[in-house]
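This report refers to the structure that appears directly beneath it.
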Amino acid sequence: MDEIRITGGVPLYGTVQVQGSKNAALPMMAASLLHRGVSVLRGCPRIADVFCMEEILQALGAVTWWNGHDLYLDCTEADGTEISGSYTGRMRSSVILLGVLLGRNGHGRLGYPGGCVIGRRPIDLHLYALRELGADLLEGPFFISAECGNLHGGTIVFPGKSVGAAEQAILAAVLAHGETVIENCACEPEILWLCRFLRCMGADIRGEGTERVIIRGVEILEGGDFQVPPDRIVAGTYLCACAATRGKIVLENAPEGELEAFLEVYRKIGGQYKVKSGKLIADGSGVRFPVPYLETAVYPGFPTDLQSPLMTVLATIPGKSHIREMIFEDRFKIAEELNRMGAAVAVCGRDAWIDGGRHLLGAEVCARELRGGAALMLAALAASGETAVRGYSYVCRGYEHICEDLAALGGRLKKDTGNYFYGKNTDQ
Ligand code: UD1
């Protein structure tokens, strides 16, 4: 079940809907613990990481249920205070629950976040933020234990921008006594959405979406009822699929305002797009220009999560491209796999040089992480012949129906379980 076979060579053509955002939904789920009652996340993606966070909340005592894509979280009795390493090892972003446990219970214990698949992923900024708000932290061999009488407001000056640490600080500050000022706060849209959700729960937050966020703690939060925004990374991935196959696609609810840096590159490589009646209409048939230099950056820069999908596109464009990965130092794992398909990508540290335009041929390749896995699926769509992409379960962590969507656009994909092409049969 962990392999997808893709027969490439067909330009993608058609219309798809963009799923709800993983990185927005996860912190909102964590935030729901701050209310002793029911919160609802509408349009929540049904993906492995969301299910993992749901399991963690259940283990803490929450009752959860789904109605279609609406996720109900009843945290009335979610008074558990310990999250074991068997969960935190599965999903790194569970670390943001530490501040939530403190806000709700005054103490908490959390296993260490696992997996170093895209580089070193320290949590020092998370712990710094919690300490500034009055938490007493003990870093044991297997657990981090946190205690606080009551969290109090404070000034948090992040030395570097971190999405997760910003979310941690915000989640801890909303119920703390007094005012918290967060300086050099990351500005990713998912942080803005988290703040909007918390405001709908009654939190007092100003400056969200900027580098200076000010939070005045409140006594109690109400239940939230909120629409999860569309996933900008999934939208970008599908636009890369369109570019890599020189297709033409329509995205029904793409958050183009959150994709500006990506769309600028899309235009530079020869892609075209327009937004009409809420739809993003993309034409990748003219994609032909390499990218002499691009570096990933914090928002509003080019997102690291779209670096691998873009690398696949650049591998199809004649000429030399150069990418520098500034966020996660080990995020070029797909280079070797792309080369197995005939690409010529040379990696040295944070730099990848792509000598593009070689003929991509079907091969057996292996995904080792989420976005890289999606990027390999795109390479398979662009290649001639059949490619087996192993490690598909990584892709399922963040893409709800990537196979169905790509098949709806004309891609030829089948599972390893039989001769089943997505979109053409109804296997499951
Ligand atoms: C989030 C996203 C992920 C995205 C990343 C960067 C979620 C669930 N995941 O991850 O998809 O790729 O933002 O946009 O939302 N750092 C520290 N100390 C810390 C925390 C981070 O040094 O305590 C460093 C990291 O090593 C990295 C950089 O900060 O170099 C950015 O990481 P961060 O923004 O925290 O990423 P995540 O929140 O883990």
Side-chain angles (χ1 to χ4, degrees), residues 20-31 45 47-50 52-53 56 88 90-99 110 112-132 137 139 144 156-172 182 184-194 197 211 228-229 231-237 258-259 261-262 295-310 324-333 349-350 369-375 394-395 397-399:
S21 162
K22 167 176 95 67
N23 290 353
L26 293 172
M28 288 180 193
M29 291 174 76
I47 50 175
D49 274 13
V50 163
C52 181
M53 182 64 95
I56 295 174
T88 54
R90 268 162 66 191
M91 191 179 57
R92 189 184 185 281
S93 62
S94 54
V95 70
I96 58 171
L97 285 164
L98 194 55
L110 191 90
Y112 282 97
C116 267
V117 289
I118 55 176
R120 217 171 44 89
R121 297 185 83 179
I123 56 168
D124 55 316
L125 301 177
H126 293 251
L127 303 185
Y128 156 69
L130 294 177
R131 285 196 173 106
E132 288 303 305
L137 303 174
E139 296 175 65
I144 305 164
I156 298 167
V157 185
F158 282 121
K161 289 204 169 87
S162 156
V163 177
E167 291 166 351
Q168 180 84 269
I170 291 165
L171 287 164
I182 306 173
N184 198 26
C185 189
C187 299
E188 266 68 4
E190 293 75 22
I191 299 170
L192 179 64
W193 287 110
L194 171 64
F197 177 59
E211 291 182 354
V228 176
D231 195 309
R232 64 190 171 107
I233 304 302
V234 171
T237 304
E258 298 178 356
L259 278 167
F262 171 82
E295 55 182 47
T296 59
V298 296
Y299 191 82
F302 190 92
T304 172
D305 285 357
L306 286 174
Q307 181 260 106
S308 296
L310 180 72
R324 180 165 291 170
E325 172 57 57
M326 301 298 286
I327 311 294
F328 295 112
E329 69 275 14
D330 193 15
R331 210 169 197 179
F332 287 136
K333 288 210 166 65
R350 290 184 177 271
E369 41 90 20
L370 165 61
R371 306 300 172 190
Y394 286 112
V395 182
R397 292 184 53 180
Y399 294 85

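Side chains included, hydrogens not; waters and symmetry mates left out as well; all remaining heavy atoms used. Start at 1 and go down the list; that is how both ligands and their atoms are numbered.
With a heavy-atom cut-off of 4.0 Å, D305 touches ligand 1 through its side chain alone. With a 4.0 Å cut-off on non-hydrogen atoms, I327 touches ligand 1 through its backbone as well as its side chain. Contact annotation for F328 and ligand 1: only side-chain heavy atoms (C-beta onward) come within less than 4.0 Å of the ligand.
Residue S162 places at least one N or O, backbone or side chain, under 3.5 Å from an N or O of ligand 1. At a 3.5 angstrom cut-off on N or O pairs, N23 counts as close to ligand 1. Checking only distances, S93 never comes within under 3.5 Å of ligand 1, N or O to N or O.
For ligand 1, the atoms closer than 4.0 angstrom to any heavy atom of I123 are 19 (C), 23 (O). Residue G164 approaches ligand 1 through these ligand atoms, each under 4.0 Å from one of its heavy atoms: 35 (O), 38 (O). Residue R92 approaches ligand 1 through these ligand atoms, each under 4.0 Å from one of its heavy atoms: 39 (O). Close approach of ligand 1 to R331 (heavy-atom distance below 4.0 Å) involves ligand atoms 12 (O).
Atoms CZ and CG, from F332 and D330 in turn, are 9.5 Å apart once rounded to the nearest 0.5 Å. With rounding to the nearest 0.5 angstrom, the OG atom of S93 is 11.5 Å from the CD atom of E190. Taken from CZ in R397 to SG in C52, the straight-line distance is 8.0 Å, to the nearest 0.5 Å. Going from atom CD1 of I47 over to atom CG of L26 covers 6.5 Å, rounded to the nearest 0.5 Å. Atoms CG and CE, from N23 and M28 in turn, are 11.0 Å apart once rounded to the nearest 0.5 Å.
A salt bridge is defined here as a Lys NZ or Arg NE, NH1 or NH2 lying under 4.0 Å from an Asp or Glu carboxylate O, and E325 with K333 fails to meet this definition.
A tilted orientation is assigned to the rings of F262 and F302, their planes being inclined by 30° to 60°.
Taking a 4.0 Å cut-off on heavy atoms, E190 fails to register as neighbouring ligand 1. The shortest separation from a heavy atom of M53 to ligand 1 is not under 4.0 Å, leaving the residue out of contact.
Among L125, I191, V163, the residue whose heavy atom lies closest to atom 33 (P) of ligand 1 is V163. By heavy-atom distance, the residue among P122, S21, A165 lying nearest atom 20 (C) of ligand 1 is P122.
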Could you walk me through whether K161 and E188 pass side-chain contact (heavy atoms from CB on, under 4.5 Å), step by step? CA-CA 10 Å; K161 289 204 169 87; E188 266 68 4; 5.8 Å; no
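Each of V298, V163, D305 was checked for a side chain to side chain contact (heavy atoms under 4.5 Å, CB included) with I327, and the lone residue meeting it is V298.
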